[in-house]
Amino acid sequence: MKVITWKNPDGTISITYPVEPRRSGEPEGAYLDRIAARADMPDAERLPDHDTAALKALGLDTQEAWEWNGAALVVNPAKATPEALAAIRQAKLK
Amino acid sequence: MGLYPGGSVPVHDHSSANQGGALPRSVAIPSTDSAALKAWINYDSSGTPTVRASFNVSSITDNGSGDQDVNLTTALTDANWTVGACGIGSDFICVNTPASGQTSSKIKLRMFTDSGALTNPSTVMLVVAR
């Protein structure tokens, strides 16, 4: 599933998960743009859309430690809680 | 014009008068009907949010542990809505109004354990009325 990622003014990352279905014949890009507009994130910078399968490799529950390095979402270990780091290790083992 | 696409919403009629009858039926609910729920959702907020059932919800934005937004497909008539929300077990949920005020299309949730730690409950139940 494609999700919409945002960089907030404080550097944190938010992720918008679509709930309403894609309309028949609607291109994926237009669909995500529509969902993004309704997410109402005026102060956040929209980052490239991601696939949840790719994010899972980072450990989805570690989102509070994610940063945007200008090209990709990365985990800042200094911000990650021990539980989050454990989740990252667990995710990479899968 | 109704709030909902097509001006009506399917409902299940479990009254005795409809036993054995055709289900579901549809009823029209105008956007100005303050007796109608305008949105609701039941979902698992842990990890990737998983929606069990919902109405008039466009997306869920995850801002971090215990911090999520429920975004509506069709905005409410204004920002003077009210909500009911609860978790399951020992988790509880409150609605966090941002400093900029409520909006007509976003419900901001903060979710806690009974000890006050932020958490993502396995069940979040939310109803929105206006």
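All values below were derived from every heavy atom in this structure, side-chain atoms included, with hydrogens, water molecules and symmetry-related copies excluded. Remember, predicted model here, so these are calculated numbers, not experimental data. Chain letters run A, B, ... following the sequence lines, proteins first, then strands; residues in each count from 1.
- Residue Ser54(B) touches chain A through its side chain alone, counting heavy-atom pairs closer than 4.5 Å.
- Tracing side-chain contacts under 4.5 Å through hydrophobic residues (I, L, V, M, F, W, Y), one never reaches Ile41(B) starting from Met125(B); they form parts of separate clusters.
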Given the rule in the side-chain contact (heavy atoms from CB on, under 4.5 Å) test, do Asn71(B) and Met41(A) qualify, once you have shown the distances and angles that lead to the verdict? CA-CA 11 Å; Asn71(B) 305 304; Met41(A) 302 280 281; over 6 Å; no
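- Between atom CG of residue Asp40(A) and atom OG of residue Ser58(B) there is a gap of 11.0 Å, rounded to the nearest 0.5 Å.
- The CD atom of Glu20(A) sits 10.5 Å away from atom CG of Leu72(B), with the distance rounded to the nearest 0.5 Å.
- Under a hydrophobic clustering in which Ile, Leu, Val, Met, Phe, Trp and Tyr are joined whenever their side-chain heavy atoms come within less than 4.5 Å, directly or via other members, Val128(B) and Val19(A) fall into the same cluster.
- Rounding to the nearest 0.5 Å places CG of Asp62(B) at 5.0 Å from OH of Tyr17(A).
- By the rule that hydrophobic residues join a cluster once side-chain heavy atoms approach within less than 4.5 Å of another member, Ile4(A) and Ile13(A) end up as members of separate clusters.
- No other option in Val3(A), Asn8(A), Thr16(A) has as many heavy-atom pairs under 4.5 Å with chain B as Thr16(A).
- Between Ile35(A) and Ser59(B), the closest heavy-atom pair is CG2-CB, 3.7 Å.
- Hydrophobic clustering of Ile, Leu, Val, Met, Phe, Trp and Tyr side chains at less than 4.5 Å, counting indirect connections, unites Ile15(A) with Met1(A).
- Hydrophobic clustering, with ILVMFWY side chains joined whenever heavy atoms are under 4.5 angstrom apart, keeps Leu73(A) apart from Trp6(A).
- Ranked by heavy-atom pairs under 4.5 Å with chain A, the list Val70(B), Val51(B), Val57(B) is led by Val57(B).
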